[in-house]
Amino acid sequence: MPPPSQVPGEMSETERREAGALMRVNHVGEVCAQALYTAQAAVTRDPSLRAHFIEAAHEETDHLAWTRQRLDELGARPSVLNPLWYAGAFGLGLVAGRLGDPLSLGFVAETERQVEAHLESHLDRLPPADSASRAVVERMKLDEARHASQAVDAGAAELPAPAKALMRVASRVMTTVAHRI
Ligand SMILES: [Fe+2]
Ligand SMILES: [Fe+2]
């Protein structure tokens, strides 16, 4: 699917650099989403759930391409740590998958909710003139919200509060590092 297209307005060098850093973070998020869904699809024994994970992974592939394209257009680089992010998220996906389908889905729902909130915060931080990045972020935010509710509909269990807090800490580390490198 093509990215939501918008022609960005004029940006200062500082704005362009900040937009690039934010889109690098979002690109890493999509790298992780690929890894999580792929790992969870590999672990589940339920064929319909596997199909659901693969379908979601497919949409995340679009997100990956859109964020990558914005990075290129902004003259920014993807995170040099992407192989590491992928490996870490894949490992987490395997662990979540082993906990059984309800918790695995609960992990998906909570991840997608946190990503949705994170994307919302980027709409405040992205330069107003960068309508192209904003269009991508807005579209992804809608998709991630849908992924969360689909996981709930598929039978997600609510994760315990400490698990959610731990996930917020992990994503804080990821977003802080990926903003720089
Ligand atoms: Fe995504
Ligand atoms: Fe998603």
Side-chain angles (χ1 to χ4, degrees), residues 1-6 19-44 48-72 74 76 78-79 81-82 85-97 101-123 125-126 132-159 163-164 167-168 170-172 174-175 178-179:
M1 195 191 287
S5 69
Q6 283 280 338
L22 294 175
M23 294 312 280
R24 175 166 48 248
V25 170
N26 294 332
H27 182 256
V28 169
E30 298 304 329
V31 166
C32 292
Q34 290 286 312
L36 284 174
Y37 279 119
T38 305
Q40 286 174 286
V43 176
T44 183
S48 75
L49 191 55
R50 182 172 309 121
H52 165 92
F53 284 142
I54 290 171
E55 162 81 28
H58 190 74
E59 289 193 359
E60 306 293 2
T61 311
D62 282 338
H63 296 177
L64 191 69
W66 300 343
T67 47
R68 179 62 208 244
Q69 186 181 331
R70 269 318 281 156
L71 276 181
D72 291 344
L74 288 161
S79 173
L81 300 176
N82 272 338
W85 301 128
Y86 188 93
F90 196 87
L92 268 179
L94 289 181
V95 171
D101 290 340
L103 281 174
S104 183
L105 283 163
F107 180 69
V108 167
E110 179 59 21
T111 303
E112 297 282 11
R113 276 189 215 118
Q114 290 190 15
V115 173
E116 185 196 356
H118 159 89
L119 291 172
E120 175 71 39
S121 79
H122 274 200
L123 290 175
R125 293 174 67 191
L126 277 167
S133 296
R134 304 180 75 85
V136 166
V137 168
E138 263 166 39
R139 176 57 201 279
M140 294 198 313
K141 187 164 102 64
L142 289 178
D143 288 347
E144 315 307 10
R146 185 163 36 77
H147 293 160
S149 54
Q150 282 169 344
V152 170
D153 292 346
E158 196 68 20
L159 295 189
K164 292 182 183 178
M167 288 166 68
R168 269 193 291 272
S171 78
R172 178 61 62 90
M174 183 276 267
T175 55
H179 193 270

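Note that ligands are numbered from 1 as they come in the structure, with each ligand's atoms numbered from 1 the same way. These figures come from a predicted structure and were not determined experimentally. Computed over heavy atoms, backbone and side chain alike; hydrogens, waters and symmetry mates excluded.
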* Asked: Quick one: ring-ring contact (aromatic ring centres under 6.0 Å, His included) partners of His63, sequence neighbours excluded?
  -> Trp66
* Test: Glu112 and Arg146 ion pair at under 4.0 Å -> no
* Sidechain N-carboxylate O distance under 4.0 Å for Arg113, Glu110 -> yes
* To do: Would you please name every residue forming a side-chain contact (heavy atoms from CB on, under 4.5 Å) with Asn82, sequence neighbours left out?
  => His27, Val28, Val31, Pro78, Ser79, Trp85
* Give me the protein N, O or S atoms that fall under 2.8 Å of the Fe ion (ligand 1), sorted by chain and residue number. => Glu30 OE1, Glu30 OE2, Glu60 OE1, His63 ND1, Glu144 OE2
* Taking atom types as modelled, is there a side-chain donor on Glu30 or Gln34 under 3.5 Å from an acceptor on the other? -> no
Scan the side chains in residues 49-57 for donor-acceptor partners under 3.5 Å anywhere in the protein, sequence neighbours excluded, and list what turns up.
from  : atom 1 : to    : atom 2 : distance (Å)
Arg50 : NE     : Ala41 : O      : 3.1
Arg50 : NH2    : Thr44 : O      : 2.6

